[in-house]
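Residue numbers run from 1 in the order of the sequence given.
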Amino acid sequence: MSRVTSPTSTFEIFKQWYEDSFTDFRLVSEWKDINAGFALGYFPVYFPVEIADAFNMLPVALYGAEGRINLDIAIAHTQSFVCTICKSVFQLGAENRLKAFDILAFSNICDVARNLSGIMKRNLKDQEIIYLHFPIHNDTELAIKYLVDEYKRLIRVIEERTGEKFDEEKLRRSIKLHNEKRALIGKLMSLRRDKPWLVPFTEFYVVTKASSIMPVNMFNRLIKKYIDEVKKRKVRPADRLRILVKGNFCEQPPLMYMKTIEDAGSYIIEDESLVGQYWIGQINLDGDPVLELARAYVTNQTPLTVRFHPSIDKQEYIKREIKEKKAEGVLFLSPKFCEPSLYDYVIYKKALDELHFPYLHLEYEETTSSYEHLRTMVETFVESIMFD
């Protein structure tokens, strides 16, 4: 696999996998050929990747194309008020760029994503399309039982596609590997919170997104090395504002968009991009692994925009986040036409108004290509706090 191992630095390997997600997923195809395996592409935000991994199937998140492709076919098939990531993923499929995937998976995170699976199924007749329905009311044991049934249905589809039989022990080993992956991403996140000058957001993002594409054992090995390299860097901290970013949980802003925010005088100490890669946390390895996967989703007490849990008070949560992470301002980045993100903005805005805490709300699309207005807005926001 020379194309993967040829880069001279750990970060360059991450970057190579990151860039592959904007082309034809050639590295995914190479992995399949070398490992006689399969691949599953899933629409964000969250998917039980451990199940796919247990079948020698590489799970890959489909986060769109970051504005790198023309969306002409998708525009012809969707309404004007549909978010760009849905158009982008459909365009990738229509251009046959998702041919590396044996299964494409979608879920009920929002109305648009719910309908995207049908549009994909109608137009991509040669690919297996599966729709995973997560429970709406996550406050009863029945929700866990329901999700177990959904996961078992997913397992049956993968069994039929791969010709392999489900093995509990393989799933348990997969959960262990992904638990390690999430813990290692957590270490990198902690390092960014404590010393953000050591890890530019652009690097952090590329590494974390690579975790949604690369084989998990390869990623775990490389991120350990990368964290050690980062700790040895000799970088002086700059006089920048510590910013908490909310809203960019599904459709991703262009990387230059986020770089502009940091270059305008801030450190992004934490945001919601790629949240599905670590949100589920540590899953119990004892007992029935399918049950424990379902239980982890239903009972998780960390907010996820597209998952309602009645016992989670998001207003109190963001107040704690600000205090614990020593944030000095909050940026709300809402993808255009994204109702879940706007719903969260209203909830969080009320809490911040009560605290008289500074925040700024901005909209974006993955196709955004002009950043001067963004720079001006963020610079003004930063200066209003620093010189208040």
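Ion pair K176/E292 not flagged as a salt bridge, since none of the NZ, NE, NH1 or NH2 atoms sits closer than 4.0 Å to an Asp/Glu carboxylate oxygen. Under a 4.0 Å N-O distance rule, the pair R192/E262 qualifies as a salt bridge. Between K145 and D149, at least one side-chain N (NZ, or NE/NH1/NH2) sits under 4.0 Å from a carboxylate O, which counts as a salt bridge. Between E203 and R233 there is a salt bridge, since at least one side-chain N of the basic residue sits less than 4.0 Å from a carboxylate O of the acidic one. At a threshold of 4.0 Å, the pair K224-E180 counts as salt-bridged, since one of the basic side-chain nitrogens sits closer than that to a carboxylate oxygen. With salt bridges taken as basic N to acidic carboxylate O contacts below 4.0 Å, one links E354 and K319. Contact check on E270 versus K325 returns a salt bridge, with a Lys/Arg side-chain nitrogen under 4.0 Å from an Asp/Glu carboxylate oxygen. Ion pairing between a basic and an acidic side chain is recognised when a charged N comes within 4.0 Å of a carboxylate O; R320 and E316 show no such pairing.
Counting heavy-atom neighbours within 6.0 Å of M189 CE, excluding the residue itself, gives a total above 12. In this structure, E160 places its CD atom where only 12 or fewer heavy-atom neighbours from other residues, nucleotides or ligands lie under 6.0 Å away. Environment of NZ in K99: crowded, with over 12 heavy atoms of neighbouring residues, nucleotides or ligands closer than 6.0 Å. In this structure, K15 places its NZ atom where only 12 or fewer heavy-atom neighbours from other residues, nucleotides or ligands lie under 6.0 Å away. Annotation: Q315, atom CD; neighbour count of heavy atoms from other residues, nucleotides and ligands within 6.0 Å is above 12.
When all heavy atoms of D344 and T305 are compared, the pair lying nearest together is OD2-OG1, 2.8 Å. Across all their heavy atoms, I85 and E366 have their closest contact at CA-OE1, 3.8 Å. I261 approaches S266 most closely through the heavy-atom pair O-OG, 2.8 Å. Across F43 and A113, no two heavy atoms sit closer than the pair CE2-CB, 3.8 Å.
Distance NE2/H373 to CG/L362: 7.5 Å, rounded to 0.5 Å. The distance from atom NZ of K225 to atom OG of S9, rounded to the nearest 0.5 Å, is 8.5 Å. I185 contributes atom CD1, which lies 8.5 Å from atom OH of Y278 (distance to the nearest 0.5 angstrom). With rounding to the nearest 0.5 angstrom, the CG atom of L274 is 6.0 Å from the OG1 atom of T208. Put simply, CG on N284 and OG1 on T299 are 10.0 Å apart, with the number rounded to the nearest 0.5 Å. The CD atom of E12 sits 12.5 Å away from atom CG of L222, with the distance rounded to the nearest 0.5 Å.
At a cut-off of 3.5 Å, with distance as the only test, no side-chain donor of H133 or S107 sits close to an acceptor on the other residue. E251 and Y63 are not linked by any side-chain donor-acceptor pair at a separation below 3.5 angstrom, with hydrogens and angles left out of the test. Donor-acceptor pairing under 3.5 Å is recorded for the side chains of H178 and D53. Judged purely by distance below 3.5 Å, without hydrogens or angles, the side chains of N248 and E272 never pair a donor atom with an acceptor atom. When only modelled atom types and interatomic distance are considered, S29 and R26 share no side-chain donor-acceptor pair under 3.5 Å. With hydrogens and angles left out, the side-chain atoms of Q91 and E95 include a donor and acceptor closer than 3.5 Å. In this structure, a donor-acceptor pair under 3.5 Å is absent between the side chains of S212 and Q277. In this model, a donor atom of one side chain and an acceptor atom of the other lie less than 3.5 Å apart for E66 and Y18. In this structure, a donor-acceptor pair under 3.5 Å is present between the side chains of D353 and Y359. Residues H309 and N138 have side chains that never bring a donor and an acceptor to within less than 3.5 angstrom of each other.
Follow the hydrophobic side-chain contacts under 4.5 Å out from I130 and you reach L132 in the same cluster. When hydrophobic clusters are built by joining Ile, Leu, Val, Met, Phe, Trp and Tyr residues whose side-chain heavy atoms come closer than 4.5 Å, directly or via intermediates, Y46 is grouped together with V148. In the hydrophobic clustering of ILVMFWY residues, with side-chain heavy atoms under 4.5 Å counting as a link, L304 and Y317 come out apart. Both I158 and F166 belong to a common hydrophobic cluster when Ile, Leu, Val, Met, Phe, Trp and Tyr are linked at side-chain heavy-atom distances under 4.5 angstrom. M57 and V216 fall into different hydrophobic clusters, where Ile, Leu, Val, Met, Phe, Trp and Tyr residues are linked whenever their side-chain heavy atoms come under 4.5 Å apart, directly or through other members.
In this structure, R240 forms a cation-pi arrangement with Y267, its terminal cationic atom sitting closer than 6.0 Å to the ring centre and no more than 45° off the ring axis. Y297 carries R307 over the face of its six-membered ring, with the cationic atom under 6.0 Å from the centre and within 45° of the normal. Annotation: cation-pi geometry satisfied between R68 and F22 (NZ/CZ under 6.0 angstrom from ring centroid, within 45° of ring axis). Both tests pass for K246 against the ring of Y348: distance under 6.0 Å to the centre and angle within 45° of the axis.
With hydrogens and angles disregarded, no donor-acceptor distance shorter than 3.5 Å links the side chain of D139 to the backbone of P310. Judged purely by atom type and a 3.5 angstrom limit, S174 has no side-chain atom pairing as donor or acceptor with the backbone of K170. S88 places a side-chain N or O within donor-acceptor distance of the main-chain N or O of A65, the cut-off being under 3.5 Å. With N35 contributing its side chain and G37 its backbone, the two residues share no donor-acceptor pair below 3.5 Å. In terms of modelled atom types and a separation under 3.5 Å, the side chain of T368 and the main chain of E365 share a donor-acceptor contact. Side chain of E379 to backbone of M377: no donor-acceptor contact under 3.5 angstrom is found. Put simply, the side chain of R172 gets close to the backbone of G287: a donor and an acceptor are under 3.5 Å apart. Listed for the K165 side chain is no donor-acceptor partner under 3.5 Å among the backbone atoms of E159. Within the 3.5 Å criterion, the main-chain N or O of R114 finds no donor-acceptor partner in the side chain of N108. Panel note: side chain Q127, backbone F101; a donor-acceptor pair is recorded below 3.5 Å.
Aromatic rings of Y345 and F332 (six-membered ring for Trp) have centroids within the 6.0 Å cut-off, being under it.
Within the 4.5 Å cutoff, side-chain heavy atoms of K32 are placed close to those of D102. Using a 4.5 Å heavy-atom cutoff, the side chains of L27 and Q16 are in contact. Side-chain atoms of E50 and L177, non-hydrogen and from C-beta on, never get closer than 4.5 Å to each other. Using a 4.5 Å heavy-atom threshold, the side chains of C86 and T78 count as separate. Contact of the S311 side chain with the Q301 side chain is registered, since non-hydrogen atoms from C-beta on lie closer than 4.5 Å. In this structure, the side chains of I109 and P44 stay at 4.5 Å or more apart for every pair of heavy atoms. In this structure, L62 and L98 have side chains that are in contact, with non-hydrogen atoms separated by less than 4.5 Å. Residues I268 and M258 form a side-chain contact, since some pair of their non-hydrogen atoms from C-beta on lies under 4.5 Å apart.
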Test F90 against L71 for side chain to side chain contact (heavy atoms under 4.5 Å, CB included), laying out the working first. CA-CA 9 Å; F90 178 77; L71 302 180; over 6 Å; no
Tell me, with the steps shown, if E363 and S334 meet side chain to side chain donor-acceptor pair (under 3.5 Å). CA-CA 5 Å; E363 279 194 331; S334 296; 5.9 Å; no
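Every ring-ring contact (aromatic ring centres under 6.0 Å, His included) that Y257 has, sequence neighbours left out, goes to Y364.
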